[in-house]
Structures are given as C-alpha cells and as structure tokens.
A.B. asks: 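Dumping the structure here so I can ask a few things about it.
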Amino acid sequence: MAAKKLAEIGALVKEEDYSNNVGFSERADVPIEPRLSLQWFLRYPSVERTAAAVENGEIVFRPERWKKTFAHWMENLQDWCISRQLWWGHRIPVWYRKEQADALQKAETLDLTHRASGQIYVGTVPPGDPENWVQDEDSMDTWFSSWLWPFATMDEETRSKFYPTNDLVTGPDIIFFWVARMIMAGYEFMDELPFRHVFFTSIIRDMQGRKMSKQLGNSPEHMAPIGSDVRFDESQVEEGRNFANKIYNACRFRQMASTGGMQPLPALESLRPYHIDIMAKLDALTVQLEESYGEYRFGEIAQKMHEFLWSEFCDWFLESVKGDLRQTASEADRNRTLAVFDAVMSRFLQLLHPYMPHVTEELSARMGYVPQGEFLMNQTLPSQALLAGIEAQQAQQKVAAIYESTGRMRNLKFEYNVATRRDVIFVIKPAVSWLAEEIDVLALLAGAAEIRLDAGYEAPRGTPVAITELGEIFLPLEGLIDVEAEKQRLTKEIEKLSKEVSKCEAKLSNASFVDRAPAEVVEQEKARLAEWRGKLVQLTEMRDSYQ
C-alpha cells in the first residue's frame, strides 16, 4: 500500500524485497503491527533534583550498585507517553470542543496553542459547561496513576502521618518506572523527598532463568517468594518447612514437660551455666539483628535466627537440660528450666515475627506468651536484655568447654565404631575443678553410661584419648569391640587408602601432568594427597594401638 501511494505521487525511488522479523503478542499470539496514533506526552518534572538526591546520598540505594543504573536512566530521559488505549483506569483529563472534537482528535499534533485558543481544556476538574465538550477516551498509563498514589488516596491528616516515609522496598526492574517517578512526584507536588532509603529485593526466576509471570505459568502456587535474582526451585521450600517444624517440635516438647502457663524467671543467680549461656546468646543475637537491620542485610538476619534456633537452642541447650524435664527431676529444677525456655522462646518468636508471622502468632498464643485475645504483632520487643546486669562470661566459658569436649567424645565413639552404643564409659583426668558439677550433662550429651573422674588414671596401652579443656578424656575399649575384627577392618582401610595415596603421588610426580593441568587442578590434587596421608597416619596409629 505504501509503495503504491508513493508511486502515484512520483516519489517512489525503488522497491526491494527483504525479510522482516514480525513480533507476536505474548498474550494473544497475533502479529504486532505498529500504527501511528495521537498520544499524550509529559515532560518529566524535577529531573535535576531527583538525580542529585540519589547521587549525593540524600536517598540511599541498597545495594548501592543500583545508583549507576538509576543515573543511566536519568541521563537519557525522553518525554513520557502517558496515554493508554484501555477500558479501565484514570481518564486522560483532556476535553475537546464538541464542534471541533473530530478534527482535533485526528490532528497529527496538538500543543499548548490549542489550549490557549480554547480548543482543548486540560484540568483535574471538568469544564463548567460539560455539554459543550468531549472528553478524551484514553486512560492514563498505569505508572502515571501509581506516582499519584499518596496524593490521590490520602487526605491531609493521613498524608501527614505516612508521608514522607522512611523506606521503599521494591524490585530493581522498576527502578525507573516506579522509584524515579515517585521521587519526581515528591519534589514536584510536595517539594520534599518521598523516602530516604530504597531497598531493592532480588527477582525470583524459574530454573530456566525466566522471570515468573502468569503468561508463562511458571509461578509456584499458593506462595509469594521474595529474593534477589535467584533461581527458584520448589524443593528449596523444604528448608523453610523443616525450620517451622523444628520450632513447633521445640514448643511441643515444652508443653509435654508441663501444661502450665508461662513460668516466671527465678533469680538469675540460681541458674545453671546452660541457662545463662542460651540467654546470653539470645541477647547477643538481638544486638546482631539490630545491626543487620540497620544495614538492610535481611538474608543475614534470617540465617542468624535459623542458626540460633536450630543449633544453639535445639541441638545444644535442649539436649543439655533434658535431665531437668524427666520425671525423676525435682520440681524446682523443672520449673527453672521451663522458665528459661519460656523467656528465650517468647522473645525469639518476637524476633522471628517479621519473617514467619503466621507461625509466630499461632505459637505465641498457644504457649501463652501473649495475653488472650491479643496479637504478637502489637507487642513491643523488650528493650532490656534477658541478662541485664549479670556477668555471663564465666558460665559461657564452662558451657563452651562442655560442648567442645562433647564433640571430641562423640568423635572417639564414631572412630571406634561405638557411636550408637549407650553403655560406654569414659574416664577423665580433670583439668578444671568444676567438672564434677557438670558431669551429668556431659554424660547426657556424649551418650555415655558413665563418666569417671580419676586424676591418677593409668590408661592401658592403645586406649583412645582426646585432649580437651576439661582434661584428658579416655575411652576404654574393653568389652566394647572385637579387637581382632577391628584390626582386620582397619588393615583393609589402610590398604585401600595406601593405593589411593600411591596413585596420587604418581600423578603429582608426572611432570607432564603438573605442567599441562590447570593450576587449580594440581592444587586440588596436592590437597587431596595431604588429606589422605594424614588419614593414613591416623588409621595406622589406631590399628597399632591394638597390638
């Protein structure tokens, strides 16, 4: 058609065939054909103030690297096409003189002269004689409506309370469409910044790297993940599920120990080192989280809370105090431990609440940590530390020594194939005077039937030993293992490992391999050889100890 028209007026120079890549609509799957039409454009306001606010740090971006992207957008602005041909949205606030409407709407361009001459009317309030005007049928661009949000939805009282705000949380894919325009609107309409911090979340993509969307159908169901340009695999949800189960199980364990309400803390001086230690660690966690929040390190916050609950609280503290919750324990010991549990768990649920609000609300209500009928989200986190005014260093040093020695004792049992045995007996030549007070907990943690303290113990030759802060810890093997069978097992392992060491040594002595292989491969092989040699020495010593 275009070629025919040009030929008719004698303006056609030549015709050439060429291949064209035709775009297809993502939604309707039909060819996209461009068509010139009358659109309304807006020249961006307050551009210099907006760019300067981010550049000079009045508005802080986190991560900071997005400042460069923002600056690139601001330096390459074109006028904003604000009209859309949609059936919904804010109508364009433009009216045409009824008798000229058809001609005006078909015109190639309109400008301020048409407004000055009274041919068009522009305003947030319709003209006073609507019967003489025809309103433009186009709607505002969605982003245009969005930048007006705080001014269009809030009255003066509400706006004075919530605007300006402190933080904007959004995705980096709309750094210009949303963030820049919000800043412009703040300067233009309110003559002030709308916010002072912008935190950019990551964008969740599917395992193919595609951004999740309804059109692609690649979004997980019944959830809304949050992250920073990460590949999302639904199997990763299992970690969150397991963490939630861990919290539920810990609370259920406490309820099984006593169905009573929240226990008040006794005098802190009456608590055992394990009580002091876990409370001190929660106090330290609270400080760390406050620092991390100040730096917007939300992933770090989640990791720290996970580590505390899973490792420090469940794996160590609860295991250490199980003896206090048995039927044979005294009521005083039981109540003391339950009180510490309640003090720590109730405050931990408050710390966790921004991340898992549904779980924390339910458990806080079940455990009686909030008054009946009230919500955790309305509770203020106590400003005073659990151990305010109490020196915890000595107790924590004791607990650290107990936990470290427990690990060494468990390793001894594992190395000598008695890890699952509960009838083992350890003998300790103590190096600290207070060990007798904590021997029951040490035996519980190490899975030992008995721990004997004997400063003059003379261990039989070949008895496994570990040197710890608590002293020398021996594991007598008499009656625990078949010595001959164990010697045979170790001999086989030594032979197998010796072959691997020989192969590795031969490879590293081959000049061709060392010269041609990548440096990291050679270093990996050297590290493997060192590890195997050390293991070989260890196995040989274990076997020889049985002689």
A.B. asks: Just checking Trp73 against Phe177, ring centres under 6.0 Å apart?
C.D. replies: yes

A.B. asks: Are the aromatic rings of Trp147 and Phe189 close, with centres under 6.0 Å apart?
C.D. replies: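 Under 6.0 Å, so yes.
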
A.B. asks: Which class fits the ring pair Trp80 and Tyr44: parallel under 30°, tilted 30 to 60°, perpendicular over 60°?
C.D. replies: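 Ring orientation, 0 to 90° scale: parallel.
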
A.B. asks: Closer than 4.0 angstrom, basic N to acidic O: yes or no for Arg241 and Glu239?
C.D. replies: no

A.B. asks: Verify the ring-centre separation between Tyr96 and Tyr121: is it less than 6.0 angstrom?
C.D. replies: no

A.B. asks: Quick one: are the ring centres of Phe348 and Phe313 less than 6.0 Å apart?
C.D. replies: no

A.B. asks: With the threshold set at 4.0 Å, does a side-chain nitrogen-carboxylate oxygen contact exist between Arg62 and Asp167?
C.D. replies: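 Salt bridge flag = no for Asp167 with Arg62.
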
A.B. asks: Is the distance between the ring centroids of Phe199 and Phe298 less than 6.0 Å?
C.D. replies: yes

A.B. asks: Should Arg254 and Asp342 count as an ion pair when the cut-off is N to O under 4.0 Å?
C.D. replies: yes

A.B. asks: If I take atom OH from residue Tyr163 and atom CE from residue Met190, how far apart are they, to the nearest 0.5 angstrom?
C.D. replies: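 Answer for the OH-CE pair, Tyr163 versus Met190, is 6.0 Å.
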
A.B. asks: Short question: side chain of Arg91, backbone of Trp88 - any donor-acceptor pair under 3.5 Å?
C.D. replies: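 No.
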
A.B. asks: Thr337 and His275: side-chain donor and acceptor closer than 3.5 Å?
C.D. replies: yes

A.B. asks: When you measure from the side chain of Lys281 to the backbone of Phe308, do you find a donor-acceptor pair of N or O atoms at a distance under 3.5 Å?
C.D. replies: no

A.B. asks: Return the orientation label for the His306 and Trp310 ring planes: parallel under 30°, perpendicular over 60°, tilted otherwise.
C.D. replies: parallel

A.B. asks: Quick test of your reading of the model: are Arg159 and Asp155 salt-bridged, counting only N-O distances below 4.0 Å?
C.D. replies: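 No, this pair does not count.
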
A.B. asks: Is there a donor-acceptor pair closer than 3.5 Å between any side-chain N or O of Asn132 and the backbone N or O of Arg97?
C.D. replies: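 Not a single qualifying donor-acceptor pair exists.
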
A.B. asks: Is a donor on one side and an acceptor on the other found under 3.5 Å between the side chain of Asp111 and the backbone of Thr113?
C.D. replies: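 Yes, the answer is positive, given that a donor and an acceptor are paired below the 3.5 Å cut-off.
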
A.B. asks: Inspect the contact between Lys161 and Glu157 and indicate whether a charged nitrogen and a carboxylate oxygen are less than 4.0 angstrom apart.
C.D. replies: no

A.B. asks: Is the backbone N or O of Pro273 less than 3.5 Å from a side-chain atom of Asp277, with the two atoms forming a donor-acceptor pair by type?
C.D. replies: no

A.B. asks: Using ring centroids (six-membered ring only for Trp), state whether Phe61 and His197 fall under 6.0 Å.
C.D. replies: no

A.B. asks: So, the side chain of Gln379 versus the backbone of Phe375: is there a donor-acceptor pair under 3.5 Å, distance only?
C.D. replies: yes

A.B. asks: Does a side-chain N-to-carboxylate-O contact under 4.0 Å join Asp79 and Arg43?
C.D. replies: yes

A.B. asks: Does the Arg49 side chain pair with the main chain of Glu188, one donor and one acceptor, at a distance under 3.5 Å?
C.D. replies: no

